[in-house]
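Written out below as structure tokens is the structure these notes cover.
Sequence lines set the chain letters: A, B, ... in the order given, protein chains first and strands last, and positions in each chain run from 1.
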There are 2 protein chains.
Amino acid sequence: MDMRRLVGRNVRRIRLEVGLTQEAFAEKSGFSQQYLSSLERGRRNPTIVTLFELATALGVSHVALVAPDDETAAAAPLRRGGRSGTTRNRP
Amino acid sequence: MDMRRLVGRNVRRIRLEVGLTQEAFAEKSGFSQQYLSSLERGRRNPTIVTLFELATALGVSHVALVAPDDETAAAAPLRRGGRSGTTRNRP
DNA sequence: TGAGTTTATCACCTATAGTGTGTATCGGCG
DNA sequence: CGCCGATACACACTATAGGTGATAAACTCA
């Protein structure tokens with residue numbers, strides 16, 4: 001299991017659900033937009049403290065950021081669940 | 001919430017439940033006994049990849065190592081549940 | 001008491017987490 | 001087309017995570 005990718009996917013998904021841009025998220029969390037970018041793309045290996053701070057800024061439990069997603073067991077051809085377009089947040 | 005302490009407590013608790021010494025755990029996980037010692041005492045800030053490797057060596061999900069424990073909400077005076085002595089594992 | 005086992009602490013080193021600065025790419029819109 | 005908002009990429013830099021080795025407690029038991 002690639003933890004970097006897992007956390008990256010969770011962070012991005014939740015950030016979009018909350019309706020934040022990387023920039024706005026950077027503002028709230030205190031991390032740089034560049035860091036968040038590479039983090040979401042699974043290139044980074046954050047510490048647990050970082051994980052907690054990210055979760056707090058997103059308003060979710062830190063457990064949510066390490067929660068396994070369906071993709072792991074995936075290879076499933078049928079894509080369940082909506083939210084395909086994510087609508088590229090418009091305030 | 002102090003993530004270092006939280007993870008440290010979880011690791012120690014599970015390691016003891018599994019019945020491993022720090023030394024044996026070090027052997028299985030590939031980390032040094034010294035590192036595991038400081039980790040369990042909340043002095044270390046492990047990365048998510050480290051977290052996953054620790055969980056794997058313990059035979060549990062990585063989520064178990066970041067799971068919040070009762071101690072947080074604690075200040076509860078009454079100690080429920082047995083297992084007080086931990087019996088200092090005898091194989 | 002003293003040997004054996006387990007855990008804690010100290011000194012030290014290398015690899016990398018995370019920053020700052022700057023730039024590149026991409027989509028949409030006037 | 002050029003501009004703008006949003007994301008990706010690159011690099012030098014500092015603080016610290018990860019790791020080793022030696023050793024000091026701390027506890028167990030013959």
Side-chain angles (χ1 to χ4, degrees), chain A residues 1-58 62 65-66 83-91, chain B residues 1-58 62 65-66 83-91:
Chain A
M1 166 134 45
D2 189 335
M3 287 300 284
R4 292 185 188 82
R5 285 178 180 277
L6 174 62
V7 170
R9 279 195 304 269
N10 283 336
V11 168
R12 171 159 300 183
R13 176 176 47 77
I14 296 175
R15 174 178 63 82
L16 293 176
E17 285 173 3
V18 172
L20 291 175
T21 66
Q22 285 183 353
E23 186 64 38
F25 184 24
E27 186 82 14
K28 284 193 91 169
S29 63
F31 294 97
S32 63
Q33 178 269 320
Q34 290 82 347
Y35 179 65
L36 296 177
S37 170
S38 53
L39 181 85
E40 289 186 357
R41 286 171 30 255
R43 309 292 179 94
R44 291 296 183 149
N45 183 14
T47 67
I48 53 169
V49 168
T50 294
L51 196 81
F52 179 74
E53 291 170 349
L54 292 171
T56 301
L58 287 173
H62 62 272
L65 299 191
V66 295
R83 273 205 91 61
S84 50
T86 41
T87 63
R88 208 87 150 130
N89 57 291
R90 314 277 338 273
Chain B
M1 166 138 41
D2 189 334
M3 287 299 285
R4 293 185 187 81
R5 284 178 181 276
L6 174 62
V7 169
R9 279 195 304 267
N10 284 334
V11 167
R12 170 160 299 184
R13 177 176 46 76
I14 295 176
R15 173 178 66 80
L16 292 176
E17 285 173 4
V18 172
L20 292 174
T21 65
Q22 286 183 352
E23 187 63 37
F25 184 23
E27 186 83 14
K28 286 193 90 171
S29 63
F31 294 97
S32 65
Q33 178 267 320
Q34 290 84 344
Y35 179 64
L36 296 176
S37 170
S38 53
L39 181 87
E40 289 187 357
R41 285 170 32 257
R43 308 294 179 93
R44 292 293 183 150
N45 183 13
T47 67
I48 53 170
V49 168
T50 295
L51 195 81
F52 179 74
E53 292 171 350
L54 292 170
T56 301
L58 287 173
H62 62 272
L65 300 189
V66 294
R83 275 205 88 61
S84 51
T86 41
T87 64
R88 210 88 150 126
N89 58 297
R90 309 287 329 277

Checklist line | salt_bridge(B/Arg15, B/Glu40) N-O dist < 4.0 Å | finding: yes
Margin query: Would the base of C/dT21 count as contacting A/Gln34 through its side chain, where contact means a donor and an acceptor less than 3.5 Å apart?
Written below: yes
Note to self: Quick check: on DNA chain C, is the nucleotide nearest B/Arg44 upstream (toward 5') of the one nearest B/Leu36, or the reverse? Name the residue that is more 5'.
What the structure shows: B/Leu36
Next item on the list: Write down the distance between CG (B/Leu16) and C1' (C/dT6), rounded to a whole number of angstrom.
Entry: 11 Å
Note to self: If the cut-off is 4.0 Å, is B/Arg43 near the phosphate of D/dT16, judged by side-chain N/O to OP1 or OP2?
What the structure shows: no
Notebook entry, point to check: Within the structure, does a side-chain N or O atom of B/Tyr35 lie under 4.0 Å from either OP1 or OP2 of D/dG18?
Noted result: yes
Margin query: Using a heavy-atom cut-off of 4.0 Å across all strands, would you classify A/Thr47 as base, sugar-phosphate, or nothing?
Written below: sugar-phosphate
Next item on the list: Measure the distance from CG on A/Leu51 to P on D/dA17 and round it to the nearest whole Å.
Entry: 15 Å
Check: CZ of A/Arg4 versus C1' of C/dA17: gap in Å, rounded?
Finding: 11 Å
Note to self: Could you tell me how far apart B/Leu20 (CG) and C/dT5 (C1') are, to the nearest whole angstrom?
What the structure shows: 15 Å
Notebook entry, point to check: For the pair made of CZ in B/Arg12 and P in C/dT6, what is the distance, rounded to whole Å?
Noted result: 14 Å
Next item on the list: Would you classify A/Glu40 as touching base, sugar-phosphate or nothing, given that sugar-phosphate means primed atoms plus P, OP1 and OP2, and contacts are heavy atoms under 4.0 Å?
Entry: nothing
Notebook entry, point to check: Taking the side chain as C-beta and beyond, is there a heavy-atom pair between B/Leu54 and B/Leu36 under 4.5 Å?
Noted result: yes
Next item on the list: Starting at atom CG of B/Asn45, determine the distance to atom P of D/dG18, rounded to an integer number of angstrom.
Entry: 7 Å
Margin query: Below the 4.0 Å mark, does D/dT7 have OP1 or OP2 next to a side-chain nitrogen or oxygen of A/Arg15?
Written below: yes
Note to self: Between A/Gln22 and A/Gln34, do the side chains contain a donor N or O and an acceptor N or O under 3.5 Å apart?
What the structure shows: no
Next item on the list: Classify the nucleic acid contact of B/Thr50 as base, sugar-phosphate or nothing, counting any heavy atom under 4.0 Å across all strands shown.
Entry: sugar-phosphate
Item checked: B/Gln22 side chain near C/dA8 phosphate (N/O to OP1/OP2, under 4.0 Å) -> yes
Note to self: Using a 4.0 Å heavy-atom cut-off, does B/Gly30 contact any base of the nucleic acid, only the sugar-phosphate backbone, or nothing at all?
What the structure shows: nothing
Next item on the list: Would you mind reading off the distance between B/Glu23 atom CD and D/dA22 atom P, rounded to a whole angstrom?
Entry: 14 Å
Check: Does any non-hydrogen side-chain atom of B/Arg13 lie less than 4.5 Å from one of B/Asn10?
Finding: yes
Notebook entry, point to check: Rounded to whole angstrom units, what separation is found between the CD atom of B/Gln33 and the C1' atom of D/dG21?
Noted result: 12 Å
Margin query: Does any part of the side chain of B/Val49, heavy atoms only, come nearer than 4.5 Å to the side chain of A/Asp2, both counted from C-beta?
Written below: no
